[in-house]
Amino acid sequence: MEQIRKHESKVRGYSRSFPTTFTTAHGAIINDENHRQYIDFLAGAGALNYGHNNPFFKMKLMDYIDKNGITHGLDLATEAKEEFIRVFNQYILEPRELKYKMQFTGPTGTNAVEAAIKLAQISTGRNNIITFTNAYHGHSKGALRLTANEHYRKGLENELNQFTSFLPYYGYVEGGFDSADYLDQVLSDKGSGIDKPAAIILETIQGEGGVNVAPNEWLKKLRRITEKHGILMIVDDIQVGCGRTGKFFSFEEAGIYPDMVTLSKSISGYGLPMAILLMKPELDKWEPGQHTGTFRGNNLAFVTAAEAIIKYWKDDKFQDEIKEKSAKLFRILNIIKDENSDIITDVRGKGLIIAMEFIDAETASKVTREAFENGLIIETCGSEGNIIKFLPPLNIHHNYLNEGIKIFEQAIESIKE
Ligand code: PMP
């Protein structure tokens with residue numbers, strides 16, 4: 001660990017606090033160099049919805065490599081890419097009556113966000129993008145413009161504040177102020193000469209920002225208002241898409257049809273880099289080759305991504321499984337909260353992204369450290385670091401879910417001693 005500290009810069013955020021070197025992983029379990037086993041409630045910050053080394057995807061991948069399947073093909077049409085597009089259309093888009101075109105962007109979520117905002121600006125001829133307090137959309141300068149976090153923006157504010165307007169996110173509004181109504185009023189004020197924004201971008205649940213859940217009614221209202229004023233709605237489903245909320249897309253329950261959707265993290269199913277921008281076909285105003293990149297379209301990721309959809313999204317079984325685990329986790333976490341109301345102030349979330357809010361960051365990090373000591377990996381989030389985020393793999397076995405909760409409960413008890 002000391003070696004890592006010496007050679008790696010402070011830039012890394014996640015998991016630095018875990019003082020060991022990890023070696024292997026399987027399902028919801030990670031092992032370390034000392035042959036200790038940890039239950040993983042971080043799941044690659046949402047990149048491992050189907051667990052580590054999912055055996056179904058691993059088999060497909062090994063088979064593909066064994067057959068000398070194409071790994072890197074730039075923009076060549078490949079069998080793996082065509083198969084992914086076919087299953088994504090057949091099992092994800094068509095049953096939901098979503099008619100998106102898809103674009104493979106550079107390999108990370110941030111790249112998909114960049115593509116979305118560029119396309120919003122190109123296709124509308126307008127510049128301004130509206131985003132929300134506590135939003136997280138990535139670290140490149142375009143995506144960081146839309147990310148509301150002082151720590152990440154520090155020193156770059158002058159540049160980042162261009163063409164960006166922030167509104168309070170629903171979960172942070174108190175006293176009846178509604179930022180969707182506010183937006184409607186501002187844009188309806190014809191004489192003011194206010195520049196119409198190109199787009200609004202939002203997470204339906206703010207993952208990094210503290211698991212703030214936007215109610216379905218508010219999402220519906222925002223969709224109505226954006227349609228009324230001709231503003232594009234981009235849903236960033238990078239963290240809470242791919243089943244995290246219990247449905248494949250996080251906006252399904254709200255019954256809205258965003259103009260663009262970004263996906264990454266768990267889309268490949270295997271922790272392999274892959275990112276997609278979904279867009280309504282009429283928005284595809286790119287010139288050929290206008291938005292490109294060497295690693296857009298990772299064929300190994302296409303193989304595992306197609307398999308993930310076939311394995312988990314052909315019918316409702318997996319969704320029912322998530323619902324059941326979610327109900328269990330909520331029930332137990334609420335009991336823990338009620339028994340520890342002196343240090344725990346809230347439990348919230350949806351599906352298998354659930355937050356427990358603590359009175360302060362120090363208490364929250366004491367709990368995560370104690371949990372780690374006893375075999376559970378779980379992280380804090382939110383701008384104040386006082387929120388512990390439960391993000392287990394969606395296919396976690398009930399025994400590991402129970403065991404993880406038990407370790408967490410014991411961690412709370414021991415920090416109170
Ligand atoms: N958007 C959201 C909602 C995210 O949670 C993240 C990553 N935490 C990103 C964008 C950026 O993705 P990446 O780190 O893969 O670039």
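No experiment lies behind these values; they were computed from the predicted model shown. Note that the numbering runs from 1 along the sequence shown for the chain. Counting starts at 1 for both ligands and their atoms, following the listed order. Atom set for the values below is all heavy atoms of this structure, side chains included, hydrogens, waters and symmetry mates excluded.
- Judged by distance alone, the side chains of E403 and N399 never bring a donor and an acceptor atom under 3.5 Å apart.
- Of all atoms in ligand 1, listed by their number and element, those nearer than 4.0 Å to a heavy atom of D236 are 1 (N), 2 (C), 3 (C), 10 (C).
- Around atom 15 (O) of ligand 1, the closest heavy atom drawn from G106, G241, G207, G109 belongs to G109.
- Counting atoms of ligand 1 from 1 in the listed order, those under 4.0 Å from a heavy atom of E208 are 8 (N).
- Which parts of ligand 1 touch Q239 is read off a 4.0 Å heavy-atom cut-off, strictly below it: atoms 5 (O), 8 (N).
- Under the 4.0 angstrom criterion for non-hydrogen atoms, K265 is in contact with ligand 1.
- Geometric assessment of K280 against the ring of Y257 yields a positive cation-pi assignment under the 6.0 Å and 45° thresholds.
- Neither the backbone nor the side chain of H139 comes within 4.0 Å of ligand 1, counting heavy atoms alone.
- For N386 and T380, the side-chain atoms include no donor-acceptor pair closer than 3.5 Å.
- Using a 4.0 Å cut-off between heavy atoms, T110 contacts ligand 1 through both its backbone and its side chain.
- Counted by atom type alone, T105 and N111 present zero donor-acceptor pairs between their side chains at under 3.5 Å.
- With sequence neighbours left out, the ring pair (Phe, Tyr, Trp, His ring centres under 6.0 Å) criterion links Y136 to H139, Y152.
- The shortest N or O to N or O distance between E203 and ligand 1 is not below 3.5 Å.
- Counting only N and O atoms by type, the side chains of T24 and N31 include a donor and acceptor under 3.5 Å apart.
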